[in-house]
Amino acid sequence: MGYPFNQIPPQAWVNAGGGYGQATLCGTLGVAAACIGMVCEADQGKKVLYELNEWYKTAQFPMYQPEGLDLPQTVANSLLCEDSVNIYMDESGHEYGSAERKSRCAGVAADVTRKLVELLNAELA
């Protein structure tokens, strides 16, 4: 996208991982909220964020399967990292530190990013 977005250091988003280190809000949603705020007026941003959050609660993750894995899809029914990941681990049998769980969360990040772009394109078209 270029300026001014190329001025944002990628390290600004590191703290979002693991639900901001406390398994709270899914980090992808917090980063998405910041991105929305960079390109939308306040009322537009609230609308887009609401739509994204509502979609997140009922989406079957991961849609995108990193590394071609066939990971089970689960529904979080929540915006919390802890809920989303625990439901996935219960269903899959994978532990928190497993490569599969990490790939699952990478897939969720890709899914949320795709949906965010769709919502922003529709709102700002």
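Heads up: numbering here begins at 1 and tracks the sequence.
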How close do [X] and [Y] get, counting heavy atoms only, and between which atoms?
| X | Y | result |
| --- | --- | --- |
| Tyr20 | Leu25 | CD1-O, 3.6 Å |
| Gly45 | Ile36 | CA-CG2, 3.4 Å |
| Leu52 | Ala32 | CD2-CB, 3.5 Å |
| Leu79 | Leu29 | CD2-CD1, 3.7 Å |
| Ser103 | Leu71 | C-CD1, 4.2 Å |
| Cys81 | Gly18 | SG-C, 3.8 Å |

What is the distance from atom [atom1] of [X] to atom [atom2] of [Y], rounded to the nearest 0.5 Å?
| X | Y | atom1 | atom2 | result |
| --- | --- | --- | --- | --- |
| Leu119 | Tyr50 | CG | OH | 13.0 Å |
| Met89 | Thr74 | CE | OG1 | 10.5 Å |
| Arg101 | Ser92 | CZ | OG | 10.5 Å |
| Leu120 | Cys35 | CG | SG | 8.5 Å |

What do you reckon, is CD of Gln60 surrounded by more than 12 foreign heavy atoms closer than 6.0 Å? yes
So with a 6.0 Å cut-off around CD of Gln22, is the heavy-atom count from everything else above 12? no
Identify which one of Val75, Val108, Asn77 satisfies the side chain to side chain contact (heavy atoms under 4.5 Å, CB included) criterion when paired with Tyr56. Val108
My understanding is that only residues two or more places apart in sequence, or in another chain, count here; which of them pass ring pair (Phe, Tyr, Trp, His ring centres under 6.0 Å) with Tyr88? His94
Using a 4.5 Å side-chain heavy-atom cut-off and chaining through intermediate ILVMFWY residues, the residues clustered with Leu80 come out as none
So which residues get pulled into Val117's cluster when ILVMFWY side chains under 4.5 Å apart are joined, directly or through others? none
Take Phe61 and Trp55 through the test ring-ring contact (aromatic ring centres under 6.0 Å, His included) and record every step on the way to the result. CA-CA 11 Å; Phe61 293 123; Trp55 168 83; 5.4 Å; yes
If Ile, Leu, Val, Met, Phe, Trp and Tyr residues are connected whenever their side-chain heavy atoms lie under 4.5 Å apart, and connections chain through other members, are Phe5 and Val14 in the same group? no
Please say yes or no: joined through hydrophobic side-chain contacts below 4.5 Å, possibly via intermediate residues, are Leu69 and Tyr64 part of one cluster? no
Who passes salt bridge (charged side-chain N to carboxylate O under 4.0 Å, His left out) against Glu54, sequence neighbours left out? Lys57
Any pair counted as salt bridge (Lys or Arg N to Asp or Glu O under 4.0 Å), so long as it reaches residues 79-96, sequence neighbours left out: none
Can you pull the salt bridge (Lys or Arg N to Asp or Glu O under 4.0 Å) pairs that have at least one residue in residues 103-124, sequence neighbours excluded? Lys47-Glu123, Arg114-Glu118, Lys115-Glu118
